[in-house]
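To keep things clear, I will list the structure first and then write my remarks on it.
Start at 1 with the first residue, then count along the sequence. On a predicted model such as this, the values are computed, not experimentally measured, just so you know.
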Amino acid sequence: KQSSSLLPCEMGGNSPCASCKLLRRRCTKDCIFAPFFPSDEPHKFAMVHKVFGASNVSKMLQELPIHQRADAVSSLVYEANARMRDPVYGCVGAISYLQNQVSQLQMQLAVAQAEILCIQMQQEPALPEPQMDADDKSFVVHNELSSMAQFMNHPSTSNVPQEALKREYPWT
C-alpha cells in the first residue's frame, strides 16, 4: 500500500520529477523540485545539479517566496547552461562579450557619422572663417585631435578573452 503523500504520478502512470529520478529517490507531494523540473525535461535538472548541487538548489528555493521560485529556477538553468559552455565566466562572459560588441558598434557608428559630417562640410559652400588668433587655432586643433585619438583608441570594456568567447557563443 502506498502513502497518500506520494505524487499521483507515482501512484499511477507518470514518472517522478526529473530531480527525484536523477537522485533516485521517491518524489513526494511536497517535493520542492517537482513544480520546476518535470520528468520530461531531465537535462534541465542535470545541468543545475552538476553546477550547483541539489542541496544548494533546494536551500535556495526554500528561502524564496513561492511566487519567485520559478524565476529563480529559470536563472539557475540559464547560468548552469552558460557554466557548462564556459566554466570560468558563465553568463558574465556572454554579457561582457555583448557589451564589448556594443562599444565597438558605437565607435563604428561615431566614425561613420564623422565621415558623413566631413562629406557634408566639403559639399557646402565655404563660409568665411571666424577671426581667431594663432593660439586659439592651435588650441582648437589640439583638442580635436586629442578627442579623436582618445575615441579611436578606446579600450575594451572587458577583460574576457574575445577569441574564446567567439568560440563559445555562436551568435557572434
For residues 66-77, which side-chain donor-acceptor pairs fall under 3.5 Å, sequence neighbours excluded?
from: Arg69; atom 1: NE; to: Leu61; atom 2: O; distance (Å): 2.7
from: Arg69; atom 1: NE; to: Leu64; atom 2: O; distance (Å): 3.2
from: Arg69; atom 1: NH2; to: Leu61; atom 2: O; distance (Å): 3.3
from: Arg69; atom 1: NH2; to: Leu64; atom 2: O; distance (Å): 3.3
from: Ser74; atom 1: OG; to: Ala70; atom 2: O; distance (Å): 3.2
from: Ser75; atom 1: OG; to: Asp71; atom 2: O; distance (Å): 3.2

*asked:* For a side chain to side chain contact (heavy atoms under 4.5 Å, CB included) check, start with the C-alpha distance between Cys17 and Ser39, then their side-chain angles and the critical distance, and finish with the verdict.
replied: CA-CA 4 Å; Cys17 72; Ser39 61; 5.8 Å; no
Would you call [X] and [Y] a side-chain contact if the rule is heavy atoms closer than 4.5 Å?
X	Y	result
Cys31	Cys20	yes
Tyr78	Cys91	yes
Gln99	Ile95	yes
Lys21	Phe45	no
Lys44	Glu41	yes
Gln62	Ile32	yes

*Going hydrophobic residue to hydrophobic residue with side-chain gaps under 4.5 angstrom, can you get from Met107 over to Val102?*
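Looking at the clustering, Val102 is in a separate group from Met107.
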*Ignoring hydrogens and angles, tell me if any N or O in the side chain of Arg83 forms a donor-acceptor pair with the backbone of Val88 under 3.5 Å.*
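Checked: pair present.
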Inter-residue atom distance [X].[atom1] - [Y].[atom2], 0.5 Å rounding:
X	Y	atom1	atom2	answer
Gln108	Gln101	CD	CD	10.0 Å
His43	Lys50	NE2	NZ	14.5 Å
Gln120	Glu115	CD	CD	12.5 Å
Leu105	Leu98	CG	CG	10.5 Å

*CA sep, side-chain torsions, deciding dist, call: Leu22, Phe37, side chain to side chain contact (heavy atoms under 4.5 Å, CB included)*: CA-CA 11 Å; Leu22 182 77; Phe37 299 104; over 6 Å; no
*Mind checking side chain to side chain contact (heavy atoms under 4.5 Å, CB included) for Gln122 and listing every partner two or more places apart, or none if nothing turns up?*
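Testing Gln122 for side chain to side chain contact (heavy atoms under 4.5 Å, CB included), a comparison that skips the adjacent residues, returns none.
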*Please name the pair of heavy atoms, one in Phe33 and one in Ala54, separated by the smallest distance, quoted to 0.1 Å.*
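Looking at all heavy atoms of both residues, the shortest contact is CZ-O, 3.5 Å.
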*Closest heavy-atom pair and its distance - Phe52, Glu79*: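 Taking Phe52 first and Glu79 second, the nearest heavy atoms are CZ-CG, 3.8 Å.
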